[in-house]
Visitor: 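I have a structure here, written as structure tokens, and I will follow up with some questions on it.
To find a chain, count down the sequence lines: A is the first, B the second, and so on, and within it residues start at 1. Hydrogens, waters and symmetry mates are skipped; everything else that's a heavy atom, side chains included, is used. Every value quoted in this text rests on a predicted model; they were computed, and no experiment measured them.
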Protein chains: 2
Amino acid sequence: MSTAASSPGRPGRRPSTSQVELEKVAFRLFDRDGFDATTVDDIATAAGIGRRTFFRYFDSKNDVVWGAFTEQLDQMRAGFCARPDNEPLMESLRAVVVEFNRVAPGETERHRRRLELILRVPALQAHSTLRYADWRAVVAEFAADRLGEETGGLRPQAIAHAALGTALAAYEHWLGRPGSDLCAVLDTAFTDLARGFGGAGEGAASGRGADSAAGADFGEETRGS
Amino acid sequence: MSTAASSPGRPGRRPSTSQVELEKVAFRLFDRDGFDATTVDDIATAAGIGRRTFFRYFDSKNDVVWGAFTEQLDQMRAGFCARPDNEPLMESLRAVVVEFNRVAPGETERHRRRLELILRVPALQAHSTLRYADWRAVVAEFAADRLGEETGGLRPQAIAHAALGTALAAYEHWLGRPGSDLCAVLDTAFTDLARGFGGAGEGAASGRGADSAAGADFGEETRGS
DNA sequence: CTTCCATTTGACACCCGGTGTCATTACCGT
DNA sequence: ACGGTAATGACACCGGGTGTCAAATGGAAG
């Protein structure tokens with residue numbers, strides 16, 4: 001996995017392209033024709049490579065969308081390690097997930113289109129589950145460590161699953177509201193999660209960052225259905 | 001959708017089989033050869049119908065596994081309606097989800113095999129996301145109603161996503177422990193969720209049904225990885 | 001019984017994603 | 001120039017899914 005650029009002094013023919021290059025080509029086509037209408041042949045042809053070669057750069061057409069996801073997970077793992085041990089679990093979780101999703105200002109449009117594909121194209125929605133498993137594993141590992149339980153135990157796994165769900169809801173919310181701040185939405189959602197969604201103490205404002213974050217973009221729904 | 005058995009006095013040729021019959025045939029093959037190794041042709045042949053006809057009974061090979069899921073969702077919706085209005089949201093949620101998963105004693109093995117397929121076969125894991133969306137919609141609708149917010153709002157959606165995640169974690173936990181009680185596991189997990197996973201008041205036992213439920217099957221992990 | 005209509009069926013042809021195989025091509029160091 | 005190494009792409013194949021259309025089936029009307 002992961003093609004080293006081209007170590008100097010490496011024997012053999014050099015790759016005729018790269019994952020990133022291929023990704024660019026593909027995204028251009030996805031933008032133009034949509035994900036489903038773009039065939040692997042289209043991408044390969046546009047990139048000037050053979051169909052078979054495409055599948056040496058990506059395991060599947062779906063995987064094109066995910067870019068350097070695996071590497072980013074390492075970052076997230078590192079983020080967890082960096083949190084102080086005495087910080088409440090759910091607060092560390094919130095902080096890391098929010099930070100994990102902070103992208104450079106110029107990159108947010110790119111991030112948006114990526115998320116849009118993943119969350120809106122059924123084929124990618126489905127496939128994403130497989131990728132999310134890795135994300136969850138990172139969270140579960142952290143939670144298990146903090147709780148002193150097994151990674152595979154119910155609580156760590158439930159936390160990981162619930163965290164993922166919460167993040168997905170935030171993503172969707174953000175996508176539906178151009179101009180909104182993803183980090184703020186995530187912060188709100190994870191604060192809610194840590195509170196059990198009002199389960200214990202619905203009341204007014206015992207909130208910490210939640211209120212300010214909420215203020216950032218809590219307009220009413222614009223959609224129907 | 002949903003083939004009426006055979007309304008008396010309905011013109012036209014009668015179906016040569018039914019979804020349930022097809023499902024039985026398919027499950028037998030899945031058990032014997034595994035999901036991936038079983039082709040649609042295999043199922044069709046075993047059922048004595050044409051390949052094309054199979055796809056008139058199911059939208060996809062994946063859908064075979066889901067049985068009467070849509071109908072069950074109606075039950076769940078009804079379950080939500082039956083809860084008293086003054087009950088805390090997350091408590092209603094827990095109660096309904098637990099009840100939703102209570103199956104007749106004789107059916108639990110069948111339920112188990114179904115869940116095993118959905119949660120363990122990658123192709124089905126992926127596909128399941130699409131089905132879960134309906135489940136989430138039911139939960140979100142209920143949550144929105146209780147909160148007086150839009151169904152598409154962040155909180156209802158986050159709750160729905162988190163609830164789904166929690167349920168999945170419970171399913172997996174249950175699957176990994178033959179003999180354990182699914183409802184008890186679900187109860188525990190949802191109680192935890194409503195508490196924000198210890199986010200507010202980690203302490204000992206402020207729990208209600210949680211402790212008894214937990215006692216039912218909280219052995220330590222047996223798996224590695 | 002025949003005719004008409006509604007409906008299901010299945011054969012056939014396609015498309016597309018994904019994989020195994022293998023000769024070919026390109027590049028390295030010698 | 002040579003040999004090893006790695007990427008490439010043509011080819012064939014599998015399997016899921018779809019559009020099309022003629023044929024089969026059965027109820028109801030004549």
Visitor: Side-chain donor-acceptor pair under 3.5 Å between Thr45(A) and Asp42(A), yes or no?
Guide: no
Visitor: Hey, which sits more toward the 5' end of DNA chain D by its nearest nucleotide, Asp41(B) or Pro11(A)?
Guide: Pro11(A)
Visitor: Calculate the interatomic distance between Phe35(A) atom CZ and dC16(C) atom C1'; express it in whole Å.
Guide: 12 Å
Visitor: Under 4.0 Å between a side-chain N/O of Thr53(B) and OP1 or OP2 of dG10(C), yes or no?
Guide: yes
Visitor: Looking at Glu109(B) and Arg112(B), is any side-chain nitrogen of the basic one under 4.0 Å from a carboxylate oxygen of the acidic one?
Guide: no
Visitor: Between Tyr57(B) and dT9(C), is there a side-chain N or O to OP1/OP2 distance below 4.0 Å?
Guide: yes
Visitor: Consider the side chain of Pro15(B), meaning its heavy atoms from C-beta on, and name the nucleotide among dT19(C), dG10(C), dT9(C) that approaches it most closely.
Guide: dT9(C)
Visitor: In this structure, which one of Tyr171(B), Trp66(B), Phe69(B) forms a ring-ring contact (aromatic ring centres under 6.0 Å, His included) with Tyr132(B)?
Guide: Trp66(B)
Visitor: About how many Å separate CZ of Arg83(B) and CG of Leu93(B), when rounded to the nearest 0.5 Å?
Guide: 10.5 Å
Visitor: dA7(D), OP1 or OP2 - any side-chain N/O from Ser16(A) closer than 4.0 Å?
Guide: no
Visitor: Between Arg14(A) and dC27(C), is there a side-chain N or O to OP1/OP2 distance below 4.0 Å?
Guide: yes
Visitor: With sugar-phosphate meaning primed atoms plus P, OP1 and OP2, does Thr39(A) contact a base, only sugar-phosphate, or nothing at under 4.0 Å between heavy atoms?
Guide: sugar-phosphate
Visitor: May I ask you to test the Leu154(B)-Glu149(B) pair for a side-chain heavy-atom distance under 4.5 Å?
Guide: no
Visitor: Between Glu107(B) and Arg114(B), does at least one N-O distance fall below 4.0 Å, as a salt bridge requires?
Guide: no
Visitor: Would you mind telling me which of dG17(C), dT9(C), dG17(D) lies closest to the side-chain atoms of Phe55(A)?
Guide: dG17(C)
Visitor: CD of Gln157(B) to NE2 of His173(A): how many Å apart, nearest 0.5 Å?
Guide: 10.0 Å
Visitor: Roughly how many Å is it from CG in Asp42(A) to C1' in dC15(C), rounded to a whole number?
Guide: 12 Å
Visitor: Starting at NZ of Lys61(A) and ending at C1' of dC15(C), how long is that distance when rounded to a whole Å?
Guide: 12 Å
Visitor: Mapping Gly12(A) and Phe54(B) onto DNA chain D by nearest heavy atom, which one lands closer to the 5' end?
Guide: Gly12(A)
Visitor: Can you give me the N/O atom pairs linking the protein to nucleotides 10-13 of chain D at distances under 3.5 Å, or say none if there are none?
Guide:
none

